[in-house]
Amino acid sequence: MDTSGISGGQTAQSYAVSSVQQETKNLYEMMRDAREKADARREQYKLPKNTRYGDAPMLAYARLARARTPGEVSAASGYARRKIVQLQSALRSDPDNKERIQAAIRQLQKAVHRAARKQKDIQREKLAEVRRKKALEEKERRKALQLRQELSRTRALRSIRESGYIREAEMDNRTQEQLSAARLELRTQLQELTASTAGVSVGAAVQQYSAAQAVTGAETITPEAGGGLDMLA
């Protein structure tokens, strides 16, 4: 019985298995190196702990809520304007956090507009207070009471509105943090994918596929099938 066909098949099979194992080992090492490089990049792109762009709008709204006089409102508005300038500069120095910075700038711009609105509200309240005092002097107690109630209601509504500003800034900051984390994760995954496929050429991929097919074909040759071929020979 001629065993040369079986021996040749076994030799080809062993060679193919060895080739695939070597290719697999090389691919595993490449993926490991890519993963290590990706981890290093992930550490590089982590946000510094002191980079909290969302704090500026919340502080601006807190100052605005505490303001009771036109001067205090102007100071709160000035703070928001200064932070806008700083963040516009940060856009150039920290492009990786562009979206977070832009969101903070939008909130600060709203704070400036809302400060201008509060200035007008305070002026109207001052006029209402003058009318109330005049009504008291003129013994118009009913009118003075109405003006007092109107002032109380207006100030209460303004306080509620300003508390809403702070909550809005907090929610926006939380949303931006979540979006920033998602963007960082996507960026890291893309870098990992790019790094893991950068060293694998089309030719190498074809060779790996061909070797795998050779192993598959060799494994399908059973002893009975091999004996049949010898008999035909």
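The first residue in the sequence is number 1, and the count goes up from there.
The distance from the CZ atom of Arg63 to the CD1 atom of Ile166 is 12.5 Å, given to the nearest 0.5 Å. To the nearest 0.5 angstrom, Arg106 atom CZ is 11.5 Å from Ile101 atom CD1. Here CD of Gln107 is found 10.0 Å from CD of Gln109. Values are rounded to the nearest 0.5 Å. The CG atom of Asn97 sits 11.0 Å away from the CD atom of Gln102 when rounded to the nearest 0.5 Å. Atom OG of Ser89 and atom CG of Asp94 lie 10.5 Å apart (nearest 0.5 Å). Here Glu177 contributes atom CD and Leu179 contributes atom CG; the two are 10.5 Å apart, rounded to the nearest 0.5 Å.
Here the closest non-hydrogen pair linking Ala60 and Leu108 is CB-CD2, 3.8 Å. Minimum interatomic distance between Leu91 and Lys98 (heavy atoms only, all atoms of both residues): CD2-O, 3.9 Å. Between Gly54 and Pro57, the shortest heavy-atom distance links the atoms O-CD, 3.2 Å. Residues Gln88 and Arg92 approach most closely at O-NH1, 3.6 Å, considering heavy atoms.
Using a 4.0 Å cut-off between charged nitrogen and carboxylate oxygen, Arg161 and Asp121 count as a salt-bridge pair.
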Practice problem: Please test Gln119 against Ser74 for side chain to side chain donor-acceptor pair (under 3.5 Å), starting from the C-alpha separation and ending with a verdict. | Solution: CA-CA 8 Å; Gln119 287 281 22; Ser74 295; 2.9 Å; yes

Exercise. Could you give me the CA-CA distance, side-chain angles and deciding distance for Lys134 and Glu137, then say whether salt bridge (charged side-chain N to carboxylate O under 4.0 Å, His left out) is met?
Key: CA-CA 5 Å; Lys134 185 178 180 180; Glu137 291 173 358; over 6 Å; no

Practice problem: Might you work through the side chain to side chain donor-acceptor pair (under 3.5 Å) test for Lys83 and Gln86, ending with a clear yes or no? | Solution: CA-CA 5 Å; Lys83 288 299 179 180; Gln86 292 176 5; 3.3 Å; yes

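Inter-residue side-chain proximity for Leu184 and Asp96 is flagged as unmet; no heavy-atom pair is nearer than 4.5 Å. Under the 4.5 Å side-chain criterion, counting only non-hydrogen atoms from C-beta, Glu129 is in contact with Arg132. Under the 4.5 Å side-chain criterion, counting only non-hydrogen atoms from C-beta, Pro70 is in contact with Gln123.
Seen from the ring of Tyr53, Arg100 does not count as a face-on cation partner, given the 6.0 Å and 45° thresholds.
Crowding of Arg158 atom CZ: a count of heavy atoms from other residues, nucleotides or ligands under 6.0 Å exceeding 12. Heavy atoms of other residues, nucleotides or ligands lying less than 6.0 angstrom from CZ of Arg183 number more than 12.
Judged by distance alone, the side chain of Lys118 and the main-chain N or O of Leu64 form a donor-acceptor pair under 3.5 Å. Between the side chain of Glu185 and the main chain of Ala181, no donor-acceptor pair closer than 3.5 Å is present. A distance-only check finds no donor-acceptor pair linking the side chain of Arg141 to the backbone of Glu138 [under 3.5 Å]. No donor-acceptor pair under 3.5 Å is formed between the side chain of Ser159 and the backbone N or O of Arg155. Although no hydrogens or angles enter the test, the distance criterion places no donor-acceptor pair under 3.5 Å between the side chain of Ser180 and the main chain of Gln176.
When Glu170, Arg114, Glu162, Lys110 are each tested for a side-chain hydrogen bond (donor to acceptor under 3.5 Å, both in side chains) with Tyr61, only one passes: Arg114.
Hydrophobic cluster membership differs between Leu147 and Ile122, with clusters built from Ile, Leu, Val, Met, Phe, Trp and Tyr side chains linked at under 4.5 angstrom. Taking hydrophobic clusters as Ile, Leu, Val, Met, Phe, Trp and Tyr residues chained together by side-chain heavy-atom distances below 4.5 Å, Leu59 does not share a cluster with Val73.
Between the side chains of Lys143 and Gln146, no donor-acceptor pair is found at a separation under 3.5 Å.
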